[in-house]
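What follows is a set of notes on a single structure, which appears directly below.
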Amino acid sequence: MKNNIVLGLLLGVVMGVLDVIPMMMQGLTWDANLSAFSLWVVAGFMLATSNLKLKSIWKGIVISFLCLLPSVFIIGWNDLFSLVPVGAMTLILGALLGFSYGKLTK
């Protein structure tokens with residue numbers, strides 16, 4: 001179990017870096033970058049410790065969107081359209097997180 005948690009955290013760090021790179025290129029603020037990065041670290045941890053009975057890709061997507069949910073209100077409050085790229089990245093990286101974790105733990 002400990003190795004799975006470390007793997008989940010490491011994969012979360014990788015997904016966080018992949019998410020933050022385009023955000024930095026857009027010149028977004030550090031609070032937004034740190035928020036996105038920490039979302040992926042937490043999602044990796046939650047994935048590794050979850051007992052959800054879903055295929056790994058779906059599990060990654062569900063957990064990622066659940067981790068994103070509190071931030072959705074802040075992100076979309078003034079600009080609802082800004083949730084489109086956030087949702088797309090969450091879908092893609094959540095699926096990649098779940099897929100990678102599933103492959104590396106089998």
Side-chain angles (χ1 to χ4, degrees):
M1 180 63 147
K2 183 178 179 183
N3 289 340
N4 287 354
I5 292 173
V6 171
L7 177 63
L9 289 170
L10 288 174
L11 288 173
V13 167
V14 170
M15 297 308 141
V17 169
L18 291 175
D19 196 18
V20 168
I21 288 171
M23 293 173 65
M24 290 178 71
M25 291 170 44
Q26 294 174 21
L28 295 178
T29 59
W30 278 103
D31 60 331
N33 295 336
L34 291 172
S35 176
F37 182 80
S38 64
L39 177 148
W40 291 108
V41 174
V42 171
F45 175 80
M46 298 299 291
L47 181 68
T49 59
S50 172
N51 290 329
L52 286 174
K53 304 294 184 207
L54 296 171
K55 292 186 183 253
S56 60
I57 291 176
W58 287 108
K59 192 173 176 181
I61 292 170
V62 167
I63 288 173
S64 297
F65 273 100
L66 288 173
C67 289
L68 174 67
L69 185 60
S71 299
V72 163
F73 302 101
I74 296 168
I75 296 167
W77 189 260
N78 290 325
D79 182 15
L80 199 57
F81 183 74
S82 65
L83 291 174
V84 173
V86 172
M89 285 298 282
T90 303
L91 178 66
I92 293 165
L93 292 176
L96 183 59
L97 176 66
F99 176 79
S100 302
Y101 183 81
K103 285 294 182 188
L104 292 173
T105 54
K106 288 189 179 180

Return the CG to CD1 distance between Leu93 and Ile61, rounded to the nearest 0.5 Å. 10.5 Å
Flag yes if Leu68 and Phe81 sit in one hydrophobic cluster, no otherwise; membership is Ile, Leu, Val, Met, Phe, Trp, Tyr, and two members link when side-chain heavy atoms are under 4.5 Å apart. no
If you define the side chain from C-beta out and look only at heavy atoms, does anything of Lys55 sit under 4.5 Å from Phe99? no
With rounding to the nearest 0.5 angstrom, report the OG1 to CD1 distance, Thr49 to Ile63. 7.0 Å
For a quick test of reading the model, state the closest non-hydrogen atom pair linking Val20 to Ala36 and the distance between them. CG2-CB, 4.4 Å
Determine whether Val13 and Phe37 make a side-chain contact, defined as any pair of heavy atoms from C-beta on separated by less than 4.5 Å. yes
Any non-hydrogen side-chain atom of Trp40 less than 4.5 Å from a side-chain atom of Val14? no
Starting at OG1 of Thr90, measure out to CG of Leu83 and round the result to the nearest 0.5 Å. 9.5 Å
In this structure, are over 12 heavy atoms from other groups packed under 6.0 Å from Met23 atom CE? yes
Val6-Met46 co-clustered via ILVMFWY side chain contacts under 4.5 Å: no
Are Phe45 and Val17 connected, step by step, through hydrophobic side chains (Ile, Leu, Val, Met, Phe, Trp, Tyr) whose heavy atoms are closer than 4.5 Å? yes
With the side chain counted from C-beta on, respond yes when Asp19 and Leu39 share a heavy-atom pair under 4.5 Å apart, and no when they do not. no
Among the clusters formed by ILVMFWY side chains lying less than 4.5 Å apart, do Val72 and Trp77 turn up in the same one? no
Would you say CG of Asp79 has more than 12 non-hydrogen atoms from neighbouring residues, nucleotides or ligands within 6.0 angstrom? yes
Atom pair CG/CG of Leu28 and Leu34 - distance to nearest 0.5 Å: 12.0 Å
Leu80 with Leu91, same ILVMFWY side-chain cluster at under 4.5 Å: yes
Of Leu97, Val42, Leu52, the residue whose pairing with Leu47 passes side-chain contact (heavy atoms from CB on, under 4.5 Å): Leu97
Testing the basics here: between Ser64 and Gly60, what is the closest heavy-atom pair and its distance to 0.1 Å? OG-O, 2.7 Å
Flag, side chain of Ser56 to backbone of Tyr101, donor-acceptor distance under 3.5 Å: no
Answer yes or no: is there a donor N or O on one side and an acceptor on the other, between the side chain of Ser35 and the main chain of Asp31, under 3.5 Å? no
Return the NZ to CD1 distance between Lys103 and Ile57, rounded to the nearest 0.5 Å. 8.5 Å
Going from CG on Asn33 to CD1 on Ile21, what distance comes out if it is rounded to the nearest 0.5 angstrom? 11.0 Å
Under 4.5 Å between any side-chain heavy atoms of Leu18 and Met15, yes or no? yes
So which heavy atom on Ala48 is nearest to which on Gly8, and how close? CB-CA, 4.2 Å
